[in-house]
**Q** 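Here you go, one structure.
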Amino acid sequence: MRQNRKIKFGDVPAGVASTRSEELRHRKRERVGRPVSVEYGSDEGSEAENERIASGERTVDMGKIRLRARQLASVRESLPVYQVKDELLAQIKPSKVCVLIGETGSGKSTQIPQFLMDTSPKGIAVTQPRRVAAINLATRVAEEHGCVLGREVGYSVRFNNVSNKRTKLKYITDGMLLRELMLDPMLSRYSTVIIDEAHERTILTDLLLGFLKDLVFNKRQNDQFQVIIMSATLDADKFSQFFNNAPIFFVEGRMYPVERLYLPQPVEDIVDTVTKTVVQLNQTEPTGDILCFLSGQEDIDKIVDMLAKLAPILPKEAPILVPVPLYAALPSHVQMEVFKKLKPNQRKVILATNIAETSITVPGIRYVVDSGLRKVKVWRHQLGLSTLLIAPISKASAAQRAGRAGREAPGKCYRLYRESDYLKLSDNTEPEILRSDVVSPVLMLKKMGVNDILKWHWLENPGRDSLVAALHQLYSLNALNDRGQITELGQQLVVLPVAPHLAAVLIRASTLGCLGPVIDIVACLSVDNLLMSPPSERRDEVNEQRRETCKLGSIHGDLVMLKELFDLFNSFADIDEKKDWCRQLCLNYKGFKDVERVRRQISEYMKMLKMDEADSETDFDATLVLKAFVSGFITNTAIGMPDRSYRTLATGDLVSIHPSSLLFGQRKPAIMYIEYVYTVKGYARAVSAIDLEWLQEVAPHLLGTREKV
DNA sequence: GAGCACTGC
C-alpha cells in the first residue's frame with residue numbers, strides 16, 4: 001500500500017439530497033401505500049424437509065402449520081403492499097396486463113400472488129430468474145398460507161418439482177416456465193402469470209414476455225388470462241409500452257435512507273483505494289459491517305490479503321477487520337462464511353462480485369463501498385467468440401448496490417468515483433440478449449412456430465447480424481432446413497437441457513453408438529469450475545499429476561480427460577477417498593456431484609427421445625466419441641500451422657490453445673474446441689485433437705459452403 | 001505460457 005494519503009469524499013448533504021431525488025424523480029406514478037417499518041425476515045426451510053413433506057409423508061402436523069400461519073399474519077398485515085390490498089386489487093383486476101413497481105421490502109412477491117389465489121380460476125405462476133429465490137419464496141408463502149409446501153403452494157425448478165396438478169400458486173424459474181410453454185403453448189393450466197424481477201432483463205425473461213404478449217392479446221384474448229409484470233426499478237415504461245400501454249402501479253418499499261458519498265477525483269488503483277477506504281471507514285464509523293463491490297476474483301483476493309495483513313497492526317480503538325471474499329467460484333462452504341456471526345469487537349468486510357447485488361443477500365450491512373465496476377461477457381457474433389470485459393455499471397446497478405446498506409438501518413454508500421461520473425452512467429444495464437449468443441433463443445422461436453424471427457415482436461431485438469449468425473449456426477447443425485423451418489432434429493435439440501451444439505452431439509452419439517461416454521462428457525462440460533486452477537506453488541505438480549492420471553486425455557485432449565476423471569471419481573467407493581483424490585488433483589468435489597445430477601437428467605431426456613445409452617459400445621472409443629463432438633462443433637475447428645500456431649477452419653483467424661488445456665504446448669495437425677474466448681489473444685478452451693478427414697465424414701453438407709457459415 | 005462476472009434448462 002502506498003503512503004497513507006487519506007481518501008476524501010466530497011461534501012455529502014447536498015449531494016445526498018440531490019442524488020436521492022434524482023433516483024426518485026421518475027416516480028410520477030400513481031402511488032399507493034406509504035412507507036412502513038417492519039421486519040420481514042426470510043425464514044429458510046430446509047429443502048430436504050420440504051421434499052419429504054411434499055412427497056406425501058403423512059407425519060404433517062396441520063395444527064402446527066396453521067398456528068405458524070396465524071403467527072405470521074400480523075407480520076404480513078404490516079407490509080406496505082398489504083396496507084393497500086383492496087385498492088391495489090381493484091386496480092389490477094380489470095387489466096389483462098399490468099406493470100407493478102414494488103421496491104425492495106414492499107412484499108410484492110409474497111403477497112400479491114396470495115391475494116389473487118381465491119379469485120384466480122386456474123393456477124398462478126410466479127417466475128423468478130434464480131432457483132433459490134423460487135424455492136425460498138414458495139417455502140415462505142406456504143408457511144404464511146398455512147399449507148404444506150407442494151400442495152396449494154409449491155415450486156418448480158430444475159432437478160426439483162415440488163408441486164402437483166392441484167397446486168394453485170407455483171413459484172417457478174423462468175427457464176422452467178419456458179419449458180412448460182414449449183410443451184403447452186397456451187399455458188392452459190394457468191389463468192395468471194406473474195413475471196417477477198423483470199427489470200433484470202435476463203434472456204429468458206425477455207423471451208417469456210414476448211410469448212406472453214402473443215398469448216394475452218391473441219391466442220387467449222377471450223379467455224380469462226392475466227399477465228402481471230413486476231419490477232423493482234422505475235424503468236417500467238418499456239414494459240408498459242410493449243404491452244400496448246398497460247397501466248403502471250407503484251408500491252412503496254421499506255428501505256432506510258442511504259447516504260451517497262463520492263470522490264472528488266477519479267482513482268487509478270482500485271485495489272489500493274478500496275483498502276484505504278475500508279481502513280478509514282473502520283476508524284471513523286460506528287458499528288455495522290461493510291460490503292465492497294469489485295469486478296472479479298483477482299482484485300478481491302488481493303484486497304483480502306492486504307486487509308488480513310493490515311488488521312493486526314491497525315489502531316486498537318477501532319473494531320478488528322475481518323475480510324471475507326465472496327464470488328461464485330468459491331466452494332459453497334467458503335461462501336457461507338459471510339453469514340457467520342462475529343465477536344462484538346470485530347467488523348466484517350465482505351469483498352464481493354456482482355453475486356452480492358442480486359443472488360446473495362448478506363444481513364447486517366451498514367456500509368457499501370462501490371468500485372463502480374463489473375465484469376461482463378460480451379459475445380461477438382461476427383467472430384463467434386466471447387470476451388470478458390471490465391465495464392462501468394449502470395445507475396440502476398449503482399442504486400441496487402447502495403440499497404444493500406439500507407435494509408436494516410440507515411446506511412452509507414462510498415462510491416469510488418465522482419458524482420459527475422455517476423451522472424454519465426447509463427440508466428439501465430444493457431439487456432443480456434443484446435450481448436449474447438442467440439442460437440438457443442432462435443431455436444425456441446422456431447419451435448414456437450415463429451417464421452420471420454427478424455420481425456418478431458422482440459422486447460429487445462438482438463439485431464439482424466446476430467439473428468442471421470444464429471440462423472446459420474442452426475442450419476449447420478441441421479436444426480433448420482434450407483427454408484428456415486425447424487427440422488425433426490431441431491425438435492429434439494430444443495428439448496434437451498444443454499446448448500443446441502451439445503444437444504446435437506448427444507443425438508449424433510446415439511447413432512454412433514457412444515451415447516454413454518458422451519453423456520458423461522457433456523455433463524462435465526455443463527458444470528462450472530469442475531477443474532479448479534491450482535494455487536501457483538502447486539501448479540506444475542498438479543498439472544503433471546493430471547497428465548499422469550489421464551493417459552488418454554494427454555493424447556486426445558480435454559474432453560477425453562473429463563471422461564477419465566469422471567470414471568475415476570466413480571471408481572472410489574468411499575466419500576472420503578473421493579474428496580482426498582479431488583483435493584490432490586485440485587478438482588471440485590461438489591462439482592462432480594452436480595455432474596452426476598446433470599448426467600441423470602440428460603440420460604432421462606435421451607430415453608424420452610427413445611435413445612438409450614445401453615446401446616453404447618462397451619469399450620471406450622476416443623475416436624468415435626470425438627467424431628460425435630465434431631458434428632456439433634464443426635465451426636470450432638482449427639488447423640496446425642508450421643509456425644506452431646493454429647488457424648480456424650472457418651475464418652482463418654489465429655487461435656491458441658489455452659494454457660489450462662492438457663494439449664497446451666503440443667503440436668497437433670488439427671484441433672476442435674468447445675469454447676473460443678478472447679482475452680489478450682484468441683484462446684481455444686476444452687481442446688481435442690482431431691483428424692481432418694472426420695470433417696468430410698461428419699458434415700459433408702458444410703464443406704464447400706464454408707465461407708457462408 | 002493464462003487467469004472466469006452471473007444465471008437458466
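When reading the values below, keep in mind they use all heavy atoms of this one structure, side chains included, and skip hydrogens, waters and symmetry mates. Residue numbering restarts at 1 for every chain, and letters A, B, ... go by the order of the sequence lines. Remember, predicted model here, so these are calculated numbers, not experimental data.
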**Q** Are Arg374(A) and Glu430(A) close enough for a salt bridge, meaning some N to O gap below 4.0 Å?
**A**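 The answer is no: the pair does not qualify as a salt bridge.
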**Q** Please classify the nucleic acid contact of Val495(A) as base, sugar-phosphate, or nothing, using heavy-atom distances under 4.0 Å.
**A**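 The answer is nothing, as Val495(A) stays clear of every strand by at least 4.0 Å.
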**Q** Taking only N and O in the side chain of Gln297(A), is any of them less than 4.0 Å away from OP1 or OP2 of dA5(B)?
**A**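 Answer is yes, contact under 4.0 Å.
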**Q** CG of Leu531(A) versus P of dA2(B): gap in Å, rounded?
**A**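 Spelled out: CG on Leu531(A) to P on dA2(B) is 19 Å.
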**Q** Taking CG from Leu385(A) and P from dC4(B), how many angstroms apart are they, rounded to a whole number?
**A**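 Value for this atom pair: 14 Å.
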**Q** Testing the 3.5 Å rule here: is there a donor-acceptor pair between the side chains of Lys668(A) and Tyr646(A)?
**A**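 Result is no, nothing qualifies.
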**Q** In whole Å, what is the span from the CE atom of Met176(A) to the P atom of dT7(B)?
**A**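 Going from Met176(A) (CE) to dT7(B) (P), I get 18 Å.
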**Q** Which is true for Ser359(A) with a 4.0 Å heavy-atom rule: it touches a base, it touches only sugar-phosphate, or it touches nothing?
**A**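 Ser359(A): backbone/sugar contact only, no base atoms under 4.0 Å.
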**Q** Heavy atoms under 4.0 Å, any strand shown: does Arg130(A) hit a base, just sugar-phosphate, or nothing?
**A**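 Sugar-phosphate, backbone atoms only, no base.
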**Q** Could you check Tyr678(A) against Asn354(A) and say which one's nearest nucleotide on DNA chain B is further toward the 5' end?
**A**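 It is Tyr678(A), whose closest nucleotide lies nearer the 5' terminus.
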**Q** Regarding Glu675(A), tell me which of base, sugar-phosphate or nothing describes its non-hydrogen contacts under 4.0 Å with the strands shown.
**A**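 It contacts base atoms.
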**Q** Could you check whether Phe664(A) gets within reach of a base, just the sugar-phosphate, or nothing at all, counting any heavy atom under 4.0 Å?
**A**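 Base: the residue Phe664(A), judged by heavy atoms under 4.0 Å, touches a nucleobase.
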**Q** Please confirm whether His658(A) and Phe664(A) have ring centers closer than 6.0 angstrom.
**A**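 Between His658(A) and Phe664(A), the centre distance exceeds or equals 6.0 Å.
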**Q** Within the 4.0 Å heavy-atom criterion, would you say Asp174(A) contacts the bases, only the backbone, or no part of the nucleic acid?
**A**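 No contact.
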**Q** Quick one: is Arg131(A) getting a side-chain N or O under 4.0 Å of the dC9(B) phosphate, OP1 or OP2?
**A**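 True: Arg131(A) side-chain N/O within range (under 4.0 Å) of dC9(B) OP1/OP2.
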**Q** side-chain contact (heavy atoms from CB on, under 4.5 Å) with Ser188(A): which residues, sequence neighbours excluded?
**A**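 Ser188(A): side-chain contact (heavy atoms from CB on, under 4.5 Å) contacts with Asp184(A), Met186(A).
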**Q** Give a yes or no on whether a salt bridge exists between Glu460(A) and Lys238(A), defined as a side-chain N under 4.0 angstrom from a carboxylate O.
**A**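 Between Lys238(A) and Glu460(A) there is a salt bridge, with a charged N closer than 4.0 Å to a carboxylate O.
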**Q** When you get a sec, tell me which of dC4(B), dT7(B), dA2(B) is the closest nucleotide to the side chain of Tyr683(A)?
**A**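 Nearest nucleotide to the side chain: dA2(B).
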**Q** Which residue in the set Tyr673(A), Phe629(A), Phe633(A) passes ring-ring contact (aromatic ring centres under 6.0 Å, His included) when paired with His501(A)?
**A**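 Of Tyr673(A), Phe629(A), Phe633(A), ring-ring contact (aromatic ring centres under 6.0 Å, His included) with His501(A) is met by Phe633(A) alone.
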**Q** Under 4.0 Å between any heavy atoms, over every strand shown, what does Thr353(A) touch: base, sugar-phosphate, or nothing? Just pick one.
**A**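 Sugar-phosphate, backbone atoms only, no base.
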**Q** Separation of Lys375(A) atom NZ from dC6(B) atom P, in whole Å?
**A**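 Rounding to the nearest Å, NZ of Lys375(A) and P of dC6(B) are 9 Å apart.
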**Q** Is a salt bridge present between Arg538(A) and Glu544(A), judged by a nitrogen-to-oxygen distance below 4.0 Å?
**A**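 Looking at Glu544(A) together with Arg538(A), the answer is no, because their closest N to O distance does not fall below 4.0 Å.
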**Q** Going by the rule ring pair (Phe, Tyr, Trp, His ring centres under 6.0 Å), which residues pair with Tyr678(A) if we only count those two or more places apart in sequence or in a different chain?
**A**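 Checked Tyr678(A) against ring pair (Phe, Tyr, Trp, His ring centres under 6.0 Å); zero matches.
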**Q** Answer yes when Lys607(A) and Asp612(A) have at least one side-chain N-carboxylate O distance shorter than 4.0 Å, and no when they do not.
**A**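 Not counted as a salt bridge, because no side-chain N and carboxylate O are separated by less than 4.0 Å.
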**Q** Report the distance from atom CD of Glu197(A) to atom P of dT7(B), rounded to the nearest whole Å.
**A**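 Spelled out: CD on Glu197(A) to P on dT7(B) is 14 Å.
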**Q** Between dT7(B), dA5(B), dC9(B), spot the one nearest the side chain of Ile355(A), thanks.
**A**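 Output: dT7(B).
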**Q** Give the rounded distance in Å between these two atoms: OH of Tyr676(A) and C1' of dA2(B).
**A**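 Answer to the nearest Å: 16 Å.
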**Q** Starting at CD1 of Ile390(A) and ending at P of dC6(B), how long is that distance when rounded to a whole Å?
**A**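 In whole Å, dC6(B) P and Ile390(A) CD1 are 13 Å from each other.
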**Q** Please report the distance, rounded to the nearest Å, between CD1 in Ile203(A) and P in dT7(B).
**A**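 Atom-to-atom, Ile203(A) to dT7(B), this comes out as 15 Å.
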**Q** Leu204(A) side chain: which of dG8(B), dC4(B), dG1(B) is closest?
**A**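 Taking heavy atoms from C-beta onward, the closest nucleotide is dG8(B).
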**Q** Describe the nucleic acid contact of Val677(A) in one word from base, sugar-phosphate, nothing, applying a heavy-atom distance below 4.0 Å.
**A**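 Answer is nothing: Val677(A) stays at 4.0 Å or more from every strand.
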**Q** Measuring to OP1 and OP2 of dT7(B), would you say a side-chain N or O of Thr173(A) lies under 4.0 angstrom away?
**A**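 Answer is no, no contact under 4.0 Å.
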**Q** May I ask you to list the residues of residues 432-441 of chain A, by number, that have any heavy atom positioned under 4.0 Å from an atom of DNA chain B?
**A**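 Residues of residues 432-441 of chain A under 4.0 Å from DNA chain B: none.
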**Q** Give one of base, sugar-phosphate or nothing for Arg539(A), where a contact means two heavy atoms less than 4.0 Å apart.
**A**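 Counting heavy atoms under 4.0 Å across all strands, the contact made by Arg539(A) includes a base.
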**Q** Select from Leu388(A) and Val498(A) the residue whose nearest nucleotide in DNA chain B is closer to the 5' end of that strand.
**A**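 Looking at the nearest nucleotide for each, Leu388(A) comes out on the 5' side.
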